[in-house]
2 protein chains.
Amino acid sequence: MKLSTKSRYASRALIELGLKYGEGPVKLKDISAIQDISLKYLEQVMFPLRIGGYVKTLKGSQGGYILARHPNSITLLEIVECVEGPIAPVDCVDRPGFCGRSEQCVTRDAWIGLKNVIRSELGNTTLDELVAKQRQIDG
Amino acid sequence: MKLSTKSRYASRALIELGLKYGEGPVKLKDISAIQDISLKYLEQVMFPLRIGGYVKTLKGSQGGYILARHPNSITLLEIVECVEGPIAPVDCVDRPGFCGRSEQCVTRDAWIGLKNVIRSELGNTTLDELVAKQRQIDG
DNA sequence: CCTATATTCTACTAAATATATAGGATATCT
DNA sequence: AGATATCCTATATATTTAGTAGAATATAGG
């Protein structure tokens, strides 16, 4: 039941973008330094977020990343599922055919319930809120 | 965000024990056959459940496993945490020192919230309920 | 146009984790 | 005594995770 570093890094990177929302592009190099994340790895983490339409990029000098959507419309759930794939504590949750006994399996129902509360919790946390809290901490 | 097979196998094995609760020991060989789980692997999965006091064993001929506690006092959370260790979506949740920025990290608060809903959901599901549902399905 | 800069794309790698398999030791019932 | 079932330790394989590396592409500014 662990999130990978991709989810953690993506969340922290998008918070940095949220802090600078409306102020032009932010370089990964800066995020990498501030958040202490390998630049090269961060590049890979950001890739699906661009494909998913959460960030836009500007190449070349003075380029960087900006949020493609308002922070209040982006949830943690979207970030996590974008970089990590659909959340399902067990494979049979999304693919009943994964296990031949899915039809008669009572644990599967429990795993489905678990998936739902996880998605609900993450879906109710917006980037906006996280950025606001971060501003409070930074003072 | 995946549970390992240990959690899945342990849950299904304990349901089998719950179905036979009060009827004497159940052999892993039988559970292995019914649930289609490798016997040798199942032995390893059951080990922490014995140490944790969830099952008792009887060695030798006519031996096997029995629940050490009433099914209504065992939750999915206990089973999962027993075989898989404490549930925490991110290491810093239980060990703030894991990451130097824990004190100023807003995502950590989110991961703590996530941990809480996961534990709450699993903690509210008892083995009793699962066994009852299974009996309904089996007819 | 040229250069520095930043992203983009592809490939590769080391380490950790998950998922078992194997074999013998130990205990117990008949 | 023999069959049976758990107990314990070691080993193996596959997958995933978490990164590294390097060249290609695009852009701003001089």
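Proteins get letters first, then strands, A, B, ... in listed order; numbering begins at 1 in each.
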Per [X] side chain, nearest of listed nucleotides [options]:
| X | options | answer |
| --- | --- | --- |
| A:S4 | D:dA28, D:dA18, D:dT6 | D:dA18 |
| A:Q62 | D:dA18, C:dT8, D:dG29 | D:dG29 |
| B:Y41 | C:dT7, D:dT6, C:dT19 | C:dT19 |

Euclidean distance, atom [atom1] of residue [X] to atom [atom2] of [N] [Å, nearest integer]:
| X | N | atom1 | atom2 | value |
| --- | --- | --- | --- | --- |
| B:K56 | C:dA27 | NZ | P | 19 Å |
| A:K2 | C:dA18 | NZ | C1' | 14 Å |
| A:F47 | D:dA18 | CZ | C1' | 18 Å |
| A:Q44 | C:dC12 | CD | C1' | 11 Å |
| B:L28 | D:dC8 | CG | P | 13 Å |
| A:E43 | C:dA6 | CD | C1' | 9 Å |
| B:M1 | D:dT17 | CE | C1' | 16 Å |
| A:L58 | D:dA28 | CG | P | 8 Å |

Partner nucleotide, any strand, of D:dG30 [Watson-Crick/G-U, under 3.5 Å]: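 Pairing partner: C:dC1.
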Between [N] and [X], is there an OP1 or OP2 to side-chain N/O distance shorter than 4.0 Å?
| X | N | value |
| --- | --- | --- |
| A:R50 | C:dC9 | yes |
| B:S61 | D:dA3 | no |
| B:S38 | C:dT21 | yes |
| A:Y9 | D:dG19 | yes |

Sugar-phosphate only, base, or nothing, as touched by A:K40 at under 4.0 Å among non-hydrogen atoms: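 It contacts base atoms.
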Residue pairs passing the ring pair (Phe, Tyr, Trp, His ring centres under 6.0 Å) test where at least one lies in residues 117-139 of chain A, sequence neighbours excluded: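 Not a single pair qualifies under ring pair (Phe, Tyr, Trp, His ring centres under 6.0 Å).
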A:E103, CD atom: more than 12 neighbouring heavy atoms under 6.0 Å: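 Counting neighbours around CD of A:E103, 12 or fewer heavy atoms of other residues, nucleotides or ligands fall under 6.0 Å, so no.
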Flag if over 12 foreign heavy atoms under 6.0 Å of NZ, A:K6: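 Check fails, neighbour count at 12 or below.
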Residue met sooner reading DNA chain D from 5', once A:R8 and A:G60 are mapped to nucleotides: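 Nearer the 5' end of the strand: A:R8.
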Residue met sooner reading DNA chain C from 5', once B:L42 and B:E84 are mapped to nucleotides: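 The residue mapped nearer the 5' terminus is B:E84.
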Between B:T5 and B:Y41, a side-chain donor and acceptor under 3.5 Å: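 The criterion, which ignores hydrogens and geometry beyond distance, is satisfied for B:Y41 and B:T5.
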Salt bridge flag under 4.0 Å for residues A:K40 and A:E43: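 Salt bridge present between A:K40 and A:E43.
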